[in-house]
**Student:** 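Please find one structure pasted underneath; my questions will follow.
Counting starts at 1 for both ligands and their atoms, following the listed order. If you're wondering where the values come from, they're calculated on a predicted model, not measured in any experiment.
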Amino acid sequence: MSTDSATPNPLVARMRGFGTTIFAEMSALAVQTGAINLGQGFPDTDGPASMLARAAEAIASGANQYPPGPGVPELRQAVSDHRRDHYGLAYDPGGEILVTVGATEAIAASVLALCEPGDEVIAFEPYYDSYAASIALAGARLVAVTLRPVEGRFTFDPAELRAAITPRTRAILVNSPHNPTGTVFTRDELTEIAGLCQEFGLTAITDEVYEHLTFDGAEHIPLATLPGMRERTVMISSAGKTFSVTGWKTGWICAPAPLVRAVQTVKQFLTFTSSAPWQLAVAHGLRHELDWVAGLRAELEGKRDRLMEGLRAAGFEVLKPLGTYFVQTDIRPLGHTDGLKLTRDLPALAGVVAIPTQVFYDHPERGSHFVRFAFCKKDEVIDEAVARLKVLGR
Ligand SMILES: *Cc1c(COP(=O)(O)O)cnc(C)c1O
């Protein structure tokens, strides 16, 4: 390691510790070793054909200049109609909806807009990696409340959540369906969260990118639908997971006008606006391709079952997810305790790449025995991966 004082780390202090992500490391390992990559959560099949065609048509027909800052009117209207039809939530496309560069920008802009330096933001760990980075960029502090398996399902202790709130707490980030545990928060859990938000005056920032990808009839309930929550919730979603277009980076925020204005004030100087062709295509998808999404959900449920069965046969303890792309496994029945070590060895051992869940924690020791596998892959890819993993149990 270089100690040359002429080349100090140019990165600002608050972003150190956010170097290369585990996804980069594990995907590089997959390429080096030819292992099957069940690490990163992106699908290996395309979204609905008519939506892809709509994007191409949008480019060919001239939707190539800056769209309006809040997003193209077609998409804001489609999001508004979708929220009303699915959840009974009314958002005015003229001031309560903002289109963003994926959910990632929506989260970053929301935290930057709503949190002062020194404020605290609660998030459930394990948490999606961009939360900690966005909170650090804002100079705020992430306070993690741990989800733990209870009868095979990750959940939180309401007393722990209450105890995490301090006079500095400004917001709570709520991701349901939850990546990386697959938990879909129940109405009881959401009622606990809603009660605390109201008691302590917190803003809820909800990450609902997996809103349509739930299984076994589990219902996704937006926090904003609970009594008293619409006015204090920034509801975030995105097209990437819903339509298998993670490369399109098209997301949106729904919230009361003052919150949207605050977030837009930041967003306009991050990116000004979001790409026009994708917005028109996603508007088309929300209007015409929700049956395709229902098909995707059914297909993913089958893939989940396929992967779970294979992982069980290989000797893992499997925690059944009710949503998202991911299965959590407990590696202790295989005689392992350190998921980071196991996932680094796994390409050589078995020709498979997975993600150590501990990287999603502020308290990594609480997640060291969990490993995450993605099932948003072709059936033959899942089958080959589970066949390879059988060597572990031998
Ligand atoms: C994929 C993902 C995102 C990012 O969504 P984009 O629209 O691609 O920015 C945000 N949150 C969670 C939990 C995700 O899994």
**Student:** For the residue pair Thr206 and Pro222, establish whether any side-chain heavy-atom pair is separated by less than 4.5 Å.
**Tutor:** no

**Student:** Backbone, side chain, both or neither: what part of His178 comes under 4.0 angstrom of ligand 1, heavy atoms only?
**Tutor:** neither

**Student:** Return a yes/no value for Tyr210: is any of its N or O atoms, backbone included, closer than 3.5 angstrom to an N or O of ligand 1?
**Tutor:**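 By distance alone, the answer is yes.
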
**Student:** Determine whether the aromatic ring centres of residues Tyr66 and Phe272 are separated by less than 6.0 angstrom.
**Tutor:**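 Yes; Tyr66 has its ring centre under 6.0 Å from that of Phe272.
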
**Student:** Can you tell whether the side chains of Glu25 and Arg344 come within less than 4.0 Å, N to carboxylate O?
**Tutor:** yes

**Student:** Determine, for Phe42 and Lys377, whether the Lys NZ or Arg CZ falls below 6.0 Å from the six-membered ring centre while staying within 45 degrees of the axis.
**Tutor:** yes

**Student:** If you draw the axis of the six-membered ring of Phe326, does the NZ or CZ of Arg304 fall within 45° of it and under 6.0 Å from the ring centre?
**Tutor:** no

**Student:** Give me the residue, atom name and distance of the protein heavy atom closest to atom 8 (O) of ligand 1.
**Tutor:** Lys249 NZ, 3.1 Å

**Student:** Between Glu208 and Asn175, do the side chains contain a donor N or O and an acceptor N or O under 3.5 Å apart?
**Tutor:**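 Looking only at side-chain atoms, Glu208 and Asn175 do not form any donor-acceptor pair under 3.5 Å.
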
**Student:** Which protein heavy atom lies closest to atom 1 (C) of ligand 1, and at what distance to 0.1 Å?
**Tutor:**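 Atom 1 (C) of ligand 1 sits closest to the protein heavy atom Lys241 NZ, 1.5 Å.
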
**Student:** Is Ala103 near ligand 1, meaning one of its heavy atoms is under 4.0 Å from it?
**Tutor:** yes

**Student:** Considering heavy atoms of the protein only, find what lies nearest to atom 13 (C) of ligand 1 and give residue, atom and distance to 0.1 Å.
**Tutor:**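 Scanning the protein heavy atoms, the shortest distance from atom 13 (C) of ligand 1 goes to Asp207 OD2, 3.3 Å.
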
**Student:** Please state which part of Asn179 comes within less than 4.0 Å of ligand 1, counting heavy atoms only: side chain, backbone, both or neither.
**Tutor:**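 Near ligand 1, Asn179 shows its side chain, while the N, CA, C and O stay back.
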
**Student:** Counting only heavy atoms closer than 4.0 Å, does ligand 1 sit against the backbone of Asn175, its side chain, both, or neither?
**Tutor:**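 Side chain only.
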
**Student:** Under 3.5 Å between any N/O of Thr104 and any N/O of ligand 1: does that happen in this structure?
**Tutor:** yes

**Student:** Should the proximity of Glu105 to ligand 1, defined as any heavy atom under 4.0 Å, be assigned to the side chain, the backbone, both, or neither?
**Tutor:**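 Neither; nothing of Glu105 gets under 4.0 Å from ligand 1.
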
**Student:** I'd like to know if Asp383 pairs up with Lys303 as an ion pair, taking the criterion as any Lys NZ or Arg NE/NH1/NH2 lying under 4.0 Å from an Asp or Glu carboxylate oxygen.
**Tutor:** no

**Student:** Using 4.0 Å as the upper bound for N to carboxylate O, is an ion pair formed by Glu380 and Arg306?
**Tutor:** no

**Student:** Between ligand 1 and Tyr325, can you find any atom pair, the residue atom being a heavy atom, that is separated by under 4.0 Å?
**Tutor:** no

**Student:** Show which atoms of ligand 1 fall inside a sub-4.0 Å distance from at least one heavy-atom site of Ser238.
**Tutor:** 6 (P), 7 (O)

